[in-house]
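See below for the structure under consideration.
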There are 2 protein chains.
Amino acid sequence: MDGPGQEAQGGESLLFLTDEQLRKGIEAMFFAYRAFTADPDRILEKYEYGRAHHRALHFINRQPGLTVSTLLAVLGVTKQSLNRVLRTLISDGLVEVRVGKRDKRERNLYLTERGKELERELSEAQRARMRAAYRAAGPAAVAGFRQVLEAMMDPELRRHYLALRDEEA
Amino acid sequence: MDGPGQEAQGGESLLFLTDEQLRKGIEAMFFAYRAFTADPDRILEKYEYGRAHHRALHFINRQPGLTVSTLLAVLGVTKQSLNRVLRTLISDGLVEVRVGKRDKRERNLYLTERGKELERELSEAQRARMRAAYRAAGPAAVAGFRQVLEAMMDPELRRHYLALRDEEA
DNA sequence: GATTTTATGTCAGCGATGTTGACTTTCCAA
DNA sequence: TTGGAAAGTCAACATCGCTGACATAAAATC
């Protein structure tokens, strides 16, 4: 049922590091990521937004009050690129900007009610797919899934990922 | 070592389907995918190619002789979009086109030696990261990783994914 | 044999999202 | 008070998706 795997450490089963296995993993990432973004993309079209808007909404929702520069670091895009997106979200009333308390140069970002609504709609679609996949694969598989993805991240990105993780605890 | 998981079916451990868990999965996909494409992207820059070229090279390499329409289906883009990419790859001598044997309307695509070289360079970078992640996570995690990704795919994309899988066996 | 369908290629134009570079304003901190 | 950090903006550009329209060749069907 499980194929090879249990005897991991043994040294014998390094079969999972085959070029073929690695290529399968690469393709799995490609196809899965396409599916992963497909549902929100369909919703975004209705509102004339794009994937970049979704990402901004997601992280502002996750970390209300985060600064522009933090968001820049998390998203890994340039200030100019983010600003285009942020400007439309703000003027459409989905994102609210407040001047920083300690440091008045900083801008803290928050979702408005409307922003939260859209975020919920988008992420619910994405979560539905995730939930189905998780349920189909089971908890052990899910743990492995997360382990591999984490190991794949650049250390700096992993820091951001883990930061989000900890805040909720 | 394994956290919760073994008692999967029991009903108790549905904790892995929490909204929080799902959001973590979503973020893991986002950050990991960024890392996943970063290495090839750096290489592609040198040659003035983009991610789209990489994808075409990858699948032509995987299935030498595949037709344009198959490649279209696999990549999930429009003819016009693919053609732009394919045209440069052909005129740069990385891809070779042969008229179909049975059906002369079809064009079968192959990598030239130079095409294979670039494909190798790109995929080696990607495989190196994958290998490191696989090694760090271990075979059981890798199996779970693949299971979840497969479950996440759209059925039609999964067909393409599985087709590639079988050909090598 | 004439017609329709399929596979491919191409032109033109558009939109989203990334980039670099240059410059401004505001404000903290040394 | 001066230097640098945080943010915003303008301009220009590249990649890579898209739609729509049209052309050609070959297969398939009537």
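In what follows, chains carry the letters A, B, and so on, assigned in the order in which the sequence lines appear, proteins first and then strands, with residues in each chain numbered from 1.
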### Summary
Glu48(B) CD to dT15(D) P, in whole Å, measures 7 Å

### Value in whole Å for how far the P atom of dG15(C) lies from OH of Tyr49(A)
17 Å

### Task
List the protein contact pattern of nucleotides 6-14 of chain D with one symbol per nucleotide (5' to 3'): B for base contact, S for sugar-phosphate-only contact, - for none; contact means a heavy-atom distance under 4.0 Å.
SBBBB----

### Task
Rounded to the nearest angstrom, tell me the gap between atom NE2 in His54(B) and atom C1' in dT15(D).
16 Å

## Note on the structure
On DNA chain C, more 5' by nearest nucleotide between Val99(A) and Arg55(A) is Arg55(A)

### Query
Between Glu124(B) and Arg127(B), does at least one N-O distance fall below 4.0 Å, as a salt bridge requires?
yes

### Message
Could you tell me how far apart Leu44(B) (CG) and dG18(C) (C1') are, to the nearest whole angstrom?
### Response
15 Å

### Query
Should the pair Glu119(A)-Lys116(A) be classified as a salt bridge under the 4.0 Å nitrogen-to-oxygen rule?
no

### Task
Please determine if a side-chain N or O atom of His53(B) lies less than 4.0 Å away from the OP1 or OP2 oxygen of dT15(D).
no

### Query
Would one find a side-chain N or O of Thr78(B) under 4.0 angstrom from OP1 or OP2 of dC18(D)?
yes

### Partner residues of Asp39(A) under the side-chain contact (heavy atoms from CB on, under 4.5 Å) criterion, sequence neighbours left out
Arg42(A), Ala125(A), Arg129(A)

### Message
Quick check on the 6.0 Å ring-centre criterion: do Phe30(B) and Phe59(A) meet it?
### Response
yes

### Message
Between Glu121(A) and Lys46(A) (salt bridge meaning N to carboxylate O under 4.0 Å), is one present in this structure?
### Response
yes

### Query
Atom CD of Glu45(A) to atom C1' of dG15(C): distance rounded to whole Å?
12 Å

### Query
What integer distance in Å separates Leu75(B):CG from dT8(C):P?
13 Å

## Note on the structure
dist Arg23(B):CZ -> Leu164(A):CG (nearest 0.5 Å) comes out at 11.0 Å

#### Entry: Side chain of Lys104(A) - closest among dC28(C), dA26(D), dT17(C)
dC28(C)

### Query
Over how many whole Å does the gap from Leu89(A) atom CG to dA16(C) atom P extend?
13 Å

### Query
Does the distance from a Lys or Arg side-chain N to an Asp or Glu carboxylate O, for Arg98(A) and Glu96(A), drop under 4.0 Å?
yes

### Message
I need the CZ-C1' distance between Arg102(B) and dA7(C), as an integer number of Å.
### Response
13 Å

